[in-house]
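Before any comments, here is the structure.
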Amino acid sequence: MLSRSIVVQSLRSIRDRFFDTRRQRNEQSDGQGPDNDVTGPSLDNLPVDMQFLIMTFLSPQDLCRLGGTSTYWRSMVRDPVLWKYFLLRDMPLWQSVDHLSVPQVKLTGSAVLDDSEMQLDYMAEYLRVCPACRNQWRHQPRVFESVTSFFQSLVPVSEPQFAMFGPGLEQLEISLMNTIMCSSHVLPVAGPPQRQIDGIGSGISFKYKDQHRFNIATLYSTNRSARERARLEHLSLRSKLFVYEEDSESNIPLSINPMFNQVCQAVNGFIFVVNAETERDRGWEEESAQIRVILDPAVGAVSCPILVLSCVSRETADRHRIPCVTIAHQLQLSSLTNPWMLQDTAAETLTGLLDGLDWLLRHSGVKL
């Protein structure tokens, strides 16, 4: 994390250069230049450290508006060190990131590395990836798309089906799927599904916003008793979904179990649940490999979207979670060719779940 003193030092150098240039211009025009103090509105008269403090409380939109008030503030607001500070400060607090908004920076934990040359336009990068700005860039349907959407709504289609899997379904104290099943105010159960996948089970159908039906088939690693024993004893399980190297203790999958090929070919997308609690003592290689195996083009999931739920049991003041941007980089999601989104959620309250499902349904072709 950048120290505040470094940012203030950078802003002060911009201020000095700006008024040195203005003094030279005035001296050339009439031979009389003003002092190095700023004149004009009271905000301009404040010390640089106070100006920086005020900017830390402004939204990205307000900062851009401030930069449009004068040449001086345009120079200050465009400082890359300032926006690097904001990026490092805010990334751990963001609750979602997707394939279009993942920061193009290297992370170790939650810190940006190898940017001493300042080659990245941090202002543009922040405005591109900040959740507060994303809705402004969201595509608005044109007239012909609205007409197409209307006619499509007249054609009956089968409900989309998603396969849910991942260690976060099994390792957490509170079961995400059990909470979903008991939370009709969030996702009402819609009854029997319209289609089934032979040999796997039909899953459970829900209603999104009381209108759109969709189905979730939950793919657990093994039977319930083995999952519960592994959770209590903090054991790592080999999932029956995958094939592993023979005579090896590694849990890194090589390929998908052939009996699940039909699932990957039939579903409209995937939901991968990650254990985002900071108490975890395992690396990310296993989860990253599972995602890549399930999205292997040879299996059939060439363009299927994948929603990654960064899940904790409950949100409390003394229980921290791993930032979603950190998880996205640990899982190397930016290297995927499939559309993806990573969304923070909590198994106890289901916060963030509907935002993730909204994204998944849209990228599965459902007109919401």
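This chain uses plain numbering: 1 for the first residue, then up along the sequence. Hydrogens, waters and symmetry mates are skipped; everything else that's a heavy atom, side chains included, is used. Quantities reported herein were computed from a predicted structural model and do not represent experimental measurements.
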Evaluate the criterion side chain to side chain contact (heavy atoms under 4.5 Å, CB included) for residue pair Ile180 and Leu353; output intermediate values, then yes/no.
CA-CA 10 Å; Ile180 294 175; Leu353 177 65; 3.9 Å; yes
Determine, stepwise, if the pair Leu307 / Phe270 fulfils side chain to side chain contact (heavy atoms under 4.5 Å, CB included).
CA-CA 6 Å; Leu307 169 64; Phe270 299 93; over 6 Å; no
Step by step, work out the ring-ring contact (aromatic ring centres under 6.0 Å, His included) result for Phe19 and Tyr72.
CA-CA 9 Å; Phe19 288 105; Tyr72 169 72; 5.4 Å; yes
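Here the side chains of Arg78 and Met123 are in contact, with some heavy-atom distance below 4.5 Å. With contacts defined as side-chain heavy-atom distances shorter than 4.5 Å, the pair Pro339/Trp359 qualifies. Using a 4.5 Å heavy-atom threshold, the side chains of Val102 and Leu333 count as separate. Two residues are said to be in side-chain contact when any heavy atoms from C-beta on lie closer than 4.5 Å; Met91 and Pro103 meet this criterion. Counting heavy atoms from C-beta outward, Val48 and Leu11 have side chains that approach closer than 4.5 Å. Between Thr326 and Trp284, the closest side-chain pair of non-hydrogen atoms is not below 4.5 Å.
Ring to ring, Phe242 and Phe260 are not that close: their centroids are 6.0 angstrom or more apart. Taking the centre of each ring, Phe165 and Phe272 come in below the 6.0 Å mark.
Between Arg231 and Glu173, none of the side-chain N atoms (NZ, or NE/NH1/NH2) sits under 4.0 Å from a carboxylate O, so this pair counts as no salt bridge. Looking at Arg12 and Asp16, no side-chain N of the basic residue comes within less than 4.0 Å of a carboxylate O on the acidic one, giving no salt bridge. Arg15 and Asp44 are not joined by a salt bridge, as no carboxylate oxygen comes within less than 4.0 angstrom of a charged side-chain nitrogen. Taking the charged nitrogens against the carboxylate oxygens, Arg65 and Asp62 do have a contact shorter than 4.0 Å, which makes a salt bridge.
Taking all atoms of both residues into account, the shortest heavy-atom contact from Tyr220 to Lys240 is O-CE, 3.4 Å.
Taking the centre and axis of the six-membered ring of Phe52, the NZ or CZ atom of Arg4 falls outside the cone set by 45° and 6.0 Å.
Around CD of Glu315, the count of heavy atoms belonging to other residues, nucleotides or ligands within 6.0 Å exceeds 12. By the 6.0 Å contact criterion, CD on Glu228 is enclosed, its count of non-hydrogen atoms from other residues, nucleotides or ligands being greater than 12.
Put simply, the side chain of Ser310 never gets that close to the backbone of Asp344: no donor and acceptor are under 3.5 Å apart. Although no hydrogens or angles enter the test, the distance criterion places no donor-acceptor pair under 3.5 Å between the side chain of Asn268 and the main chain of Phe162. Side-chain N or O atoms of Ser10 include none that pairs as donor or acceptor with a backbone N or O of Val7 at under 3.5 Å. A distance-only check finds a donor-acceptor pair linking the side chain of Thr179 to the backbone of Ala347 [under 3.5 Å].
At a cut-off of 3.5 Å, with distance as the only test, a side-chain donor of Ser205 or Glu159 sits close to an acceptor on the other residue. Between Asn275 and Gln171, the side chains place a donor N or O and an acceptor N or O closer than 3.5 Å (distance only, hydrogens not considered). A donor-acceptor contact closer than 3.5 angstrom links the side chains of Ser221 and Glu170.
With sequence neighbours left out, the side-chain contact (heavy atoms from CB on, under 4.5 Å) criterion links Ser5 to Ser3.
No chain of hydrophobic side-chain contacts below 4.5 Å, direct or via other Ile, Leu, Val, Met, Phe, Trp or Tyr residues, connects Met164 to Leu237. Linking ILVMFWY side-chain heavy atoms closer than 4.5 Å, directly or via other members, places Leu309 and Ile174 in two distinct hydrophobic clusters.
The distance from atom OG of Ser334 to atom CG of Asp98, rounded to the nearest 0.5 Å, is 12.0 Å.
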